[in-house]
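The block underneath contains the structure these notes are about, expressed in structure tokens.
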There are 8 protein chains.
Amino acid sequence: IRVGYPEVIYCAGKTVEQVRGIVEFMNTKNNNILATRATEEMFRAVKEVCGEAKYNSMAKIITIEKREIPKKDTYIAVVTAGTSDMPVAEEAAVTAEFLGNKVERIIDVGVAGIHRLFNKLEIIRGAKVIIVAAGMEGALASVVGGLVDKPIIAVPTSVGYGASFNGLAALLSMLNSCASGVSVVNIDNGFGAGYLASVINKL
Amino acid sequence: IRVGYPEVIYCAGKTVEQVRGIVEFMNTKNNNILATRATEEMFRAVKEVCGEAKYNSMAKIITIEKREIPKKDTYIAVVTAGTSDMPVAEEAAVTAEFLGNKVERIIDVGVAGIHRLFNKLEIIRGAKVIIVAAGMEGALASVVGGLVDKPIIAVPTSVGYGASFNGLAALLSMLNSCASGVSVVNIDNGFGAGYLASVINKL
Amino acid sequence: IRVGYPEVIYCAGKTVEQVRGIVEFMNTKNNNILATRATEEMFRAVKEVCGEAKYNSMAKIITIEKREIPKKDTYIAVVTAGTSDMPVAEEAAVTAEFLGNKVERIIDVGVAGIHRLFNKLEIIRGAKVIIVAAGMEGALASVVGGLVDKPIIAVPTSVGYGASFNGLAALLSMLNSCASGVSVVNIDNGFGAGYLASVINKL
Amino acid sequence: IRVGYPEVIYCAGKTVEQVRGIVEFMNTKNNNILATRATEEMFRAVKEVCGEAKYNSMAKIITIEKREIPKKDTYIAVVTAGTSDMPVAEEAAVTAEFLGNKVERIIDVGVAGIHRLFNKLEIIRGAKVIIVAAGMEGALASVVGGLVDKPIIAVPTSVGYGASFNGLAALLSMLNSCASGVSVVNIDNGFGAGYLASVINKL
Amino acid sequence: IRVGYPEVIYCAGKTVEQVRGIVEFMNTKNNNILATRATEEMFRAVKEVCGEAKYNSMAKIITIEKREIPKKDTYIAVVTAGTSDMPVAEEAAVTAEFLGNKVERIIDVGVAGIHRLFNKLEIIRGAKVIIVAAGMEGALASVVGGLVDKPIIAVPTSVGYGASFNGLAALLSMLNSCASGVSVVNIDNGFGAGYLASVINKL
Amino acid sequence: IRVGYPEVIYCAGKTVEQVRGIVEFMNTKNNNILATRATEEMFRAVKEVCGEAKYNSMAKIITIEKREIPKKDTYIAVVTAGTSDMPVAEEAAVTAEFLGNKVERIIDVGVAGIHRLFNKLEIIRGAKVIIVAAGMEGALASVVGGLVDKPIIAVPTSVGYGASFNGLAALLSMLNSCASGVSVVNIDNGFGAGYLASVINKL
Amino acid sequence: IRVGYPEVIYCAGKTVEQVRGIVEFMNTKNNNILATRATEEMFRAVKEVCGEAKYNSMAKIITIEKREIPKKDTYIAVVTAGTSDMPVAEEAAVTAEFLGNKVERIIDVGVAGIHRLFNKLEIIRGAKVIIVAAGMEGALASVVGGLVDKPIIAVPTSVGYGASFNGLAALLSMLNSCASGVSVVNIDNGFGAGYLASVINKL
Amino acid sequence: IRVGYPEVIYCAGKTVEQVRGIVEFMNTKNNNILATRATEEMFRAVKEVCGEAKYNSMAKIITIEKREIPKKDTYIAVVTAGTSDMPVAEEAAVTAEFLGNKVERIIDVGVAGIHRLFNKLEIIRGAKVIIVAAGMEGALASVVGGLVDKPIIAVPTSVGYGASFNGLAALLSMLNSCASGVSVVNIDNGFGAGYLASVINKL
Ligand SMILES: Nc1ncnc2c1ncn2[C@@H]1O[C@H](COP(=O)(O)O)[C@@H](O)[C@H]1O
Ligand SMILES: Nc1ncnc2c1ncn2[C@@H]1O[C@H](COP(=O)(O)O)[C@@H](O)[C@H]1O
Ligand SMILES: Nc1ncnc2c1ncn2[C@@H]1O[C@H](COP(=O)(O)O)[C@@H](O)[C@H]1O
Ligand SMILES: Nc1ncnc2c1ncn2[C@@H]1O[C@H](COP(=O)(O)O)[C@@H](O)[C@H]1O
Ligand SMILES: [Mg+2]
Ligand SMILES: [Mg+2]
Ligand SMILES: [Mg+2]
Ligand SMILES: [Mg+2]
Ligand SMILES: [Mg+2]
Ligand SMILES: [Mg+2]
Ligand SMILES: [Mg+2]
Ligand SMILES: [Mg+2]
């Protein structure tokens with residue numbers, strides 16, 4: 001485990017018993033714990049063995065804060081296209097916060113109503129690194145990338161239907177961004193985006 | 001052949017001889033002729049049998065205007081993301097003009113430098129129907145679609161490399177546009193976009 | 001929100017609570033409301049906060065008509081291949097009607113029994129713009145496109161199995177239509193087709 | 001080698017030398033020979049070692065008729081959508097003829113001008129088995145399948161561009177045909193269609 | 001409806017009520033009825049309105065025989081690779097029988113134990129037309145095609161997992177068969193195979 | 001470099017100069033050298049700096065034998081479906097021989113004429129490990145796998161056209177083999193198959 | 001059935017009744033029985049007819065050991081990237097053990113913490129053949145392949161989400177391994193890997 | 001154009017005339033110029049109008065340095081798997097250098113010989129941001145990501161054949177990296193990686 005970092009559990013594909021067991025074991029050490037893709041049921045089981053556990057139901061993240069988390073001065077902006085992208089964006093935001101970063105959330109600024117994005121440009125530009133979570137055609141990453149000179153971490157989401165092919169359209173769109181400064185993580189990988197943003201923010 | 005419409009030849013996959021032969025035959029009738037995907041060599045062969053033939057080398061279109069083409073008052077806007085998209089955009093524009101429409105070209109307004117698009121918004125909004133040609137991530141169609149209340153015909157182009165998969169990324173992006181009022185034609189199908197825009201402009 | 005247009009809610013991926021909440025909030029304003037991809041359960045929740053809400057269970061659309069909707073004189077034709085395509089076609093038709101358009105429905109005229117299509121040609125040709133919803137091989141869009149000189153909005157549906165790949169076969173088929181005047185929206189995107197048809201019908 | 005059948009050489013991926021060598025060797029036996037995907041150059045080489053060889057340049061087929069080929073009374077119809085599909089259709093037709101079948105060619109009856117198809121319905125319906133070669137969206141197979149009660153062998157061709165993906169769109173379209181009685185062979189596989197049609201015609 | 005043919009209902013995507021209603025309506029006419037992809041529940045509902053309905057639970061087919069079905073003398077062979085392919089094979093076999101054909105079933109002769117296939121070669125060769133249903137790698141179609149000089153209708157099934165991609169592997173395998181005389185229908189399309197086999201058997 | 005193994009150069013994507021340079025450098029050491037995917041031109045350049053170099057033009061392999069290669073007693077069988085698969089099969093065979101193995105080549109035993117395979121069963125069964133190279137539908141791997149109890153290394157080749165998608169059909173087919181004991185290497189990867197067969201043969 | 005081998009039942013897609021029936025029938029003979037992809041419910045049904053049946057719930061395998069299984073001296077290493085890959089790895093390990101092989105399990109040595117792999121190198125290198133099960137990007141197979149001179153059987157698992165496309169990413173990764181000596185079986189095909197490893201271990 | 005940044009020309013798809021023209025025009029301003037994907041021929045044409053132009057033939061980049069470029073103290077590491085990945089890596093490195101960054105190149109450290117990577121770990125860990133360019137299975141990005149706590153920009157390259165599908169295998173592999181801190185740009189997008197690395201290095 002990396003020093004200063006919390007221990008991370010990826011709960012998808014694990015049973016409730018397994019998650020509780022892992023937390024119980026980790027709990028004996030004095031590290032903070034972050035568990036992603038956790039269900040409510042998993043949280044209840046974890047709560048039994050670790051009273052200070054907290055749950056963010058939108059992000060589906062359980063956090064256990066054993067040691068206070070000092071925050072960097074600079075902040076990360078997490079920008080979302082639509083409300084359906086919020087679970088992924090929250091996974092990113094909560095991860096980044098738990099890793100010791102300030103996060104500014106700028107939601108629902110998709111390109112279908114681009115004036116909303118322009119209203120928020122200043123706060124986006126003030127960030128040290130920017131996460132853009134968008135599904136469907138994922139155009140928001142390119143638009144933000146064209147407007148801002150900071151590193152953009154684009155997270156395609158599986159929001160959409162039909163020819164979105166569970167996030168493939170957004171993924172391809174973001175990989176082909178004509179704006180410079182944009183890189184991409186896996187579909188719905190809010191954790192990965194939040195983690196990388198934290199690494200960059202702390203450089 | 002539809003009355004008032006020119007006769008149309010799709011030259012791809014035809015030999016120079018075949019194209020010359022078809023034009024020679026059609027030339028006996030009094031219709032206008034439009035030949036798309038025509039090479040310079042095809043044009044020279046056609047010129048031999050039909051002196052008034054003209055060639056637009058960017059659009060790769062041969063036109064033969066036997067009867068004057070009356071123009072509608074309203075106009076079609078043809079918007080392109082980058083200079084590499086211009087051959088497709090020109091195929092659309094020349095097709096639309098030859099079918100009796102005024103065309104306004106708004107070029108190089110891709111989302112990597114979105115202020116250029118905003119400088120041209122008035123002329124785009126003044127059109128009765130808008131064609132957007134873009135490759136790579138094709139985000140321009142969504143952005144225009146979000147700013148304008150007119151029908152948008154999106155033409156994905158094969159401009160790009162790697163994960164653009166010869167226009168697939170732009171195609172999927174446009175099909176998943178979160179902006180309403182956008183429909184899509186085949187990759188690089190400038191002719192189809194110009195034709196449909198003409199049908200709509202003449203309604 | 002665009003003036004004169006209803007407010008639109010896309011219910012897929014939202015909870016019943018969220019949908020009711022959004023409607024309750026919008027209801028304070030005097031706009032018409034259209035909610036697509038709504039379940040029966042969502043409708044019942046909406047009905048509690050807004051008595052005049054109506055539900056079209058085939059289209060899965062909730063409509064709330066606060067202000068009378070004036071209808072254009074010209075009409076939109078909505079053509080379907082088979083009965084399984086009807087939910088998508090109804091999403092298109094109800095959307096178009098709610099946006100102030102007359103709609104003619106021509107159902108079950110797929111190419112396996114093409115005489116049924118020919119019996120309805122006159123009413124299709126009388127429309128200002130035509131929506132064709134078809135799954136499986138989606139050939140109907142090309143056949144209608146070849147017979148009619150009006151703009152065709154093709155909606156591939158996810159109806160089919162095996163190598164239909166959830167609508168991909170119909171989508172590709174429609175994008176490659178050899179008939180001019182056909183453009184395409186996303187798989188199952190009845191709303192998008194109805195919206196665009198309305199924009200064109202009102203030009 | 002099956003009795004009564006010609007020996008068949010598939011020339012693609014073979015050198016001119018190899019093709020000449022194989023023909024020279026086979027020529028010592030008294031069988032008819034059919035060589036598909038043959039270039040002009042291959043033909044000239046074959047002609048040197050076998051004077052009675054003939055070449056159909058559209059079908060790219062070399063035929064050597066050692067023994068007279070008796071023809072069945074019933075015939076096979078080969079139907080094509082557009083002129084670009086003709087090489088594939090000819091591969092099918094020449095194969096079928098060489099295997100001892102009468103062939104009726106019905107060309108350029110694609111769905112963009114469906115009246116041309118109806119003009120030829122009688123001759124199509126008179127066939128014992130029907131081959132339909134079409135590229136782009138391949139809708140012709142379904143339309144013919146819906147009009148005729150005979151076995152349809154659909155051959156998708158690689159004619160098209162963009163989202164035709166080298167024949168994939170036509171292939172999927174034909175596999176999902178809503179008309180009964182349609183089966184499919186590989187993209188551009190005129191030989192396979194002609195061979196199977198011959199087997200069926202001789203039942 | 002074609003004379004002499006039963007009326008056919010495709011039940012997938014229809015409600016129990018709809019299926020019962022359609023049967024009730026058709027029942028007033030004196031035609032035989034075949035309903036595919038029918039659940040047990042649908043059968044019970046149909047039984048209420050039509051006492052003579054029968055159900056084949058493996059084929060998921062409801063049959064109603066109003067008029068006796070005369071059988072052709074020649075027979076169709078239905079060959080399956082494994083037991084998991086049997087539902088698709090039965091859909092084909094029952095369809096063919098109901099359309100007036102004798103059917104011989106040769107099951108579990110996949111290429112992993114090829115001697116079982118050789119034990120059945122005589123009966124397969126005696127058929128006028130052969131249906132081969134196979135999932136996974138679908139090699140059986142090529143093997144049978146290489147051994148028999150009759151038309152082969154290959155039906156890829158969705159049996160398999162991982163890189164079988166729900167039947168895609170078998171589909172591609174069958175389309176690329178190196179044996180002549182093989183054509184292909186959609187994944188799991190037992191009905192289509194049985195229908196086409198019947199058309200060929202009755203030529 | 002592994003002891004006892006030759007040094008290996010993969011020439012694809014290298015210039016003639018680079019290949020010559022690498023060989024010249026390696027030549028100073030006393031190891032055997034194997035260069036795959038080498039053109040004739042590369043061979044001529046290598047020959048200049050290393051007189052004992054030999055070239056197998058079908059395998060496109062340059063070999064330089066500095067130290068005699070002792071051969072294992074057991075042998076590897078290399079089985080091919082058709083003549084077009086021979087370059088890949090030879091890449092495997094020459095690699096295996098150069099690594100110190102006896103190789104038996106069994107060619108042209110594809111499933112379209114399965115009796116040829118049965119004539120060679122004894123020699124195939126006598127091998128310690130078997131390589132099967134096949135394109136198109138790749139069925140041969142499954143058939144051999146069902147007949148033999150030795151490890152089968154399946155090499156899909158890019159031989160084919162249309163829906164073979166450059167070897168994808170054979171690849172998927174082989175991955176889904178219903179016969180046990182079959183594993184797969186990359187499309188056209190004769191070298192990898194020969195190398196692995198050598199490792200297994202020497203166990 | 002091969003002599004000395006157990007009888008194998010693949011339970012996926014079979015009903016509980018079918019599995020019990022097959023076991024009951026096989027039980028009359030004196031062979032060992034291995035049933036893969038078996039649910040707990042299937043096990044309970046099998047237990048009723050065959051008291052000595054055992055169940056490995058992680059591997060989802062039922063084993064019935066009628067005759068003692070002699071073990072080879074050499075062993076097979078089964079290496080896994082993460083805990084989620086364990087069900088597939090166990091399917092491989094249990095299969096191999098039941099076929100008469102010793103198995104060493106090396107778990108949770110994925111490349112994200114590569115020192116764990118290095119700690120286990122000796123035991124991996126001591127095996128006669130190595131199975132590597134990994135999902136997500138499947139890099140572990142290449143890393144092990146680069147470190148060890150034994151045959152590697154790579155099993156891509158469907159562990160992952162988004163652009164892992166149910167194991168496709170790991171599959172492609174493993175097929176393109178730059179390390180020699182690696183071959184691949186189907187996604188999640190633990191049985192196939194265990195069977196092949198057994199064949200190689202017993203050479 | 002962003003202040004302090006060079007003007008950038010993407011030459012792919014432009015004619016030699018166009019590239020010369022653009023440089024000639026830009027040259028009148030006092031900015032540095034970077035032209036990527038430039039051929040030797042383009043360079044010669046540019047040289048005529050701008051004598052100080054330089055060409056890096058491996059990176060295919062033309063640089064024109066009008067104003068001295070100050071370099072940051074911290075450096076970027078550019079890591080490559082094999083020699084064939086060097087053109088992409090050089091595009092990244094030259095871009096980063098021209099944007100004012102020090103670059104350390106660590107080449108040929110692919111996972112097939114992982115000890116070479118470990119020999120270079122110190123210099124890689126010393127970088128502020130790391131670019132990893134790899135084709136085939138792209139495993140190197142995960143391995144580096146697991147060993148280093150800095151932001152990793154992964155560039156899949158189109159190096160490979162068969163199931164590498166022109167870089168798709170590496171792309172998917174990198175997107176699914178089990179190591180945290182890795183993000184991805186388009187296949188072969190060395191420029192994008194170099195640009196983003198520069199943005200991060202200058203934070
Ligand atoms: N949402 C997520 N997506 C991808 N990877 C994750 C996610 N959450 C956590 N991880 C990774 O999963 C690792 C823990 O996996 P595990 O040991 O299976 O619980 C962490 O170190 C993270 O790198
Ligand atoms: N069925 C549909 N498919 C795609 N987009 C839709 C659909 N229904 C509504 N929309 C769009 O979704 C927007 C509302 O999304 P939301 O704010 O998430 O409720 C509307 O403005 C429409 O543009
Ligand atoms: N045909 C081939 N396909 C895949 N890999 C190969 C091939 N030939 C050689 N190799 C591998 O390429 C390595 C040499 O690559 P290089 O250093 O680029 O010349 C060898 O060690 C082999 O592992
Ligand atoms: N998990 C598995 N994946 C793939 N094939 C399997 C698996 N388990 C067993 N098999 C194969 O399935 C055959 C038995 O299939 P069946 O006759 O349908 O029960 C065995 O001979 C094995 O070759
Ligand atoms: Mg930027
Ligand atoms: Mg709009
Ligand atoms: Mg039309
Ligand atoms: Mg029919
Ligand atoms: Mg045959
Ligand atoms: Mg075997
Ligand atoms: Mg190795
Ligand atoms: Mg890291």
Side-chain angles (χ1 to χ4, degrees), chain G residues 80-85 108-118 121 124 132-149 152 154 156-184 186-187, chain H residues 80-85 108-118 121 124 132-149 152 154 156-184 186-187:
Chain G
T80 42
T83 45
S84 329
D85 302 314
D108 213 15
V109 294
V111 300
I114 211 165
H115 55 281
R116 288 175 300 193
L117 177 64
F118 283 94
L121 257 189
I124 298 177
V132 178
M136 299 176 79
E137 89 281 55
L140 186 60
S142 288
V143 173
V144 174
L147 290 165
V148 180
D149 259 347
I152 312 283
T157 73
S158 54
V159 168
Y161 61 88
S164 95
F165 297 125
N166 304 313
L168 180 64
L171 172 65
L172 293 184
S173 187
M174 288 165 168
L175 284 168
N176 286 285
S177 179
C178 56
S180 304
V182 179
S183 66
V184 187
N186 194 7
I187 297 164
Chain H
T80 42
T83 45
S84 327
D85 302 314
D108 214 14
V109 294
V111 298
I114 212 166
H115 54 279
R116 288 176 298 194
L117 176 64
F118 283 95
L121 258 190
I124 299 176
V132 178
M136 302 175 79
E137 91 279 57
L140 187 60
S142 288
V143 173
V144 174
L147 291 164
V148 180
D149 260 349
I152 313 282
T157 72
S158 54
V159 168
Y161 62 88
S164 95
F165 297 125
N166 304 313
L168 179 63
L171 172 64
L172 293 184
S173 187
M174 288 164 168
L175 284 168
N176 285 285
S177 178
C178 55
S180 303
V182 178
S183 66
V184 187
N186 195 6
I187 296 164

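No hydrogens, no waters, no symmetry mates; every other heavy atom, side chains included, goes into these values. Residue numbering restarts at 1 for every chain, and letters A, B, ... go by the order of the sequence lines.
Interface with chain H: from residues 132-141 of chain G, residues G:M136, G:E137, G:A139 qualify, criterion being any non-hydrogen pair under 4.5 Å.
Note: G:L121 CG to G:L117 CG = 5.5 Å, rounded to the nearest 0.5 Å. Note that CG of G:D85 is 9.0 Å distant from OG of G:S158, once rounded to the nearest 0.5 Å.
Your options are G:C178, G:A170, G:S177, and the one with the most heavy-atom pairs under 4.5 Å with chain H is G:C178. Counting heavy-atom pairs closer than 4.5 Å to chain G, the top-ranked of the candidates H:A179, H:S142, H:A169 is H:S142. When the candidates H:G162, H:A163, H:G110 are compared by the number of heavy-atom contacts under 4.5 Å with chain G, H:A163 comes out ahead.
For the pair G:T157 and G:S84, the minimum side-chain heavy-atom distance is 4.5 Å or more. Counting heavy atoms from C-beta outward, G:I124 and G:V109 have side chains that stay 4.5 Å or more apart.
Closest approach of G:G145 to G:V182, counting heavy atoms only: CA-CG2, 4.2 Å. Nearest heavy atoms, G:V184 versus G:L171: CG1-CD1, 3.8 Å.
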Discussion item. Please evaluate residues G:I187 and G:N166 with respect to the criterion side-chain contact (heavy atoms from CB on, under 4.5 Å), reporting the C-alpha separation (whole Å), side-chain torsions for both, the decisive distance (0.1 Å), and the verdict.
Written reply: CA-CA 8 Å; G:I187 297 164; G:N166 304 313; over 6 Å; no
Item to complete: Step by step, work out the side-chain contact (heavy atoms from CB on, under 4.5 Å) result for G:L172 and G:F165.
Response: CA-CA 11 Å; G:L172 293 184; G:F165 297 125; over 6 Å; no
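Proximity to chain G (any heavy atom under 4.5 Å) is restricted, for H:Y161, to the backbone atoms N, CA, C and O.
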